[in-house]
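Accompanying notes for the structure given below.
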Amino acid sequence: MRLVIQRVSRASVTIGGVLKSEIGKGLMILLGVEDADSQEDVEWLCQKVTKLRIFEDENEAMNLDINQVGGEFLVVSQFTLHAMTKKGNRPSFIRAARPEHAVPLYELFLKRLAEISGLPVKCGEFGANMQVELINDGPVTILIDSQNKE
């Protein structure tokens, strides 16, 4: 699984002109699932994300995690995180998992993130054409790939 994590002051997802989800201060997470991913990747990522110390303390140092600032999560599925651009100019998405594999892991990620963090987890809609709006605070953007454990 690949995550793009952005520290935000606010973020929202709109589908077909209708607001689906929105959060205030927290983490906007774009999540891409590949065929090699499993429940173990979900567990590892959820533990990692909830403990990431990327919020500023009183000294403006990134020392606080999302629980310490009372933040929220907004998670959006994004298969394009597995784009391969080595050949030609049209990205290949062959590594992105098909919905029958990706949807259960996406749903498990949402569930486990809420359970582990104890915080609200809002989401987009898997496979929908979504408009994502956010204000990246910092900016702070972190990439995590569970296959490489980094």
Side-chain angles (χ1 to χ4, degrees), residues 1-15 19-85 91 93 95-150:
M1 293 179 121
R2 287 187 180 159
L3 303 183
V4 174
I5 301 165
Q6 297 181 355
R7 186 180 77 186
V8 298
S9 54
R10 69 174 177 81
S12 65
V13 174
T14 302
I15 302 171
L19 180 66
K20 163 78 171 147
S21 298
E22 66 181 334
I23 64 169
K25 183 177 195 167
L27 297 177
M28 167 73 204
I29 300 174
L30 303 175
L31 181 149
V33 180
E34 68 176 294
D35 288 328
D37 293 330
S38 68
Q39 291 181 5
E40 290 156 5
D41 295 285
V42 170
E43 291 296 323
W44 184 81
L45 285 168
C46 288
Q47 293 290 338
K48 180 64 82 175
V49 168
T50 58
K51 295 175 185 166
L52 273 179
R53 295 180 355 183
I54 60 174
F55 291 91
E56 292 180 350
D57 63 16
E58 65 280 355
N59 298 317
E60 297 182 1
M62 288 197 291
N63 276 327
L64 304 176
D65 65 36
I66 192 164
N67 270 297
Q68 293 170 304
V69 298
E72 303 173 276
F73 293 103
L74 177 58
V75 181
V76 174
S77 62
Q78 190 170 354
F79 75 93
T80 60
L81 292 180
H82 289 288
M84 293 172 32
T85 59
F93 303 106
R95 287 184 49 201
R98 304 281 312 149
E100 52 272 9
H101 181 67
V103 170
L105 291 176
Y106 170 72
E107 291 174 350
L108 180 62
F109 183 87
L110 297 173
K111 178 183 175 198
R112 293 296 294 142
L113 190 59
E115 290 172 351
I116 292 168
S117 70
L119 296 172
V121 177
K122 298 181 181 172
C123 62
E125 182 179 313
F126 190 94
N129 182 352
M130 297 172 272
Q131 289 68 54
V132 177
E133 199 172 352
L134 62 96
I135 297 179
N136 190 321
D137 180 26
V140 174
T141 302
I142 308 289
L143 306 173
I144 300 179
D145 188 321
S146 66
Q147 295 300 311
N148 298 327
K149 298 293 189 253
E150 61 179 37

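Here the structure is a predicted model, which is why all the values come from computation and not from measurement. Residues take their numbers from the sequence shown, with the count starting at 1. Heavy atoms only: backbone and side chains are in, while hydrogens, waters and symmetry mates are out.
- Taking all atoms of both residues into account, the shortest heavy-atom contact from R2 to L81 is NH1-O, 2.9 Å.
- Around CD of E60, the count of heavy atoms belonging to other residues, nucleotides or ligands within 6.0 Å does not exceed 12.
- The closest side-chain heavy-atom distance from V4 to T141 is below 4.5 Å.
- Counting only heavy atoms from C-beta outward, the side chains of I135 and V8 never approach each other to under 4.5 Å.
- When all heavy atoms of S21 and L74 are compared, the closest pair comes out as CB-CD1, 3.7 Å.
- Under 3.5 Å, the side chains of N129 and Q131 contain a donor-acceptor pair of N or O atoms.
- For the atom pair CG of L108 and CG of L113, the computed distance is 10.5 Å after rounding to the nearest 0.5 Å.
- Atom CD of Q39 has 12 or fewer heavy atoms from other residues, nucleotides or ligands within 6.0 Å.
- Note that CD of E40 is 12.0 Å distant from CG of L45, once rounded to the nearest 0.5 Å.
- Salt bridge annotation for R10-E22: absent, with no cationic side-chain nitrogen under 4.0 angstrom from a carboxylate oxygen.
- A donor-acceptor distance shorter than 3.5 angstrom exists from the side chain of N67 to the backbone of S117, with no hydrogens or angles considered.
- Closest approach of V13 and G124 over heavy atoms only: CG1-CA, 4.1 Å.
- Contact check for F73 versus I23: no side-chain heavy atoms found under the 4.5 Å cut-off.
- Atoms CD1 and CG, on I142 and L27 in that order, are 9.5 Å from each other to the nearest 0.5 Å.
- In terms of modelled atom types and a separation under 3.5 Å, the side chain of N59 and the main chain of A61 share no donor-acceptor contact.
- R112 CZ to W44 CH2: the interatomic distance, rounded to the nearest 0.5 Å, is 15.5 Å.
- Contact between E34 and R95 at its shortest, heavy atoms only, is CB-O, 3.0 Å.
- Of the possible donor and acceptor atoms, none in the side chain of N136 sits under 3.5 Å from a partner among the backbone N and O of Q6.
- Side-chain atoms of V132 and Q78, non-hydrogen and from C-beta on, never get closer than 4.5 Å to each other.
- Looking at heavy atoms from C-beta onward, L30 lies in side-chain contact with M28 at the 4.5 angstrom threshold.
- Proximity of a side-chain donor or acceptor of K51 to a complementary backbone N or O of K48 within less than 3.5 Å is not detected.
- Using cut-offs of 30° and 60° on the angle between ring planes, the pair Y106 and F126 is tilted.
- Atom NE2 of H101 sits about 5.5 Å away from atom CG of D37, to the nearest 0.5 Å.
- Counting only heavy atoms from C-beta outward, the side chains of S77 and M130 approach each other to under 4.5 Å.
- Between L105 and V33, the shortest heavy-atom distance links the atoms CD1-CG1, 3.9 Å.
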Practice task
Could you walk me through whether K25 and I66 pass side-chain contact (heavy atoms from CB on, under 4.5 Å), step by step?
Solution key: CA-CA 9 Å; K25 183 177 195 167; I66 192 164; over 6 Å; no

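- Under the 4.5 Å side-chain criterion, counting only non-hydrogen atoms from C-beta, Q68 is not in contact with F55.
- Residue I116 comes nearest to Q47 through the heavy atom pair CD1-NE2, 3.4 Å, listed as atom of the first residue, atom of the second, then distance.
- Here the OG atom belonging to S12 is positioned 11.0 Å from the NZ atom belonging to K122, to the nearest 0.5 angstrom.
- A salt bridge between D137 and R7 is present, with a side-chain N of the basic residue lying under 4.0 Å from a carboxylate O of the acidic one.
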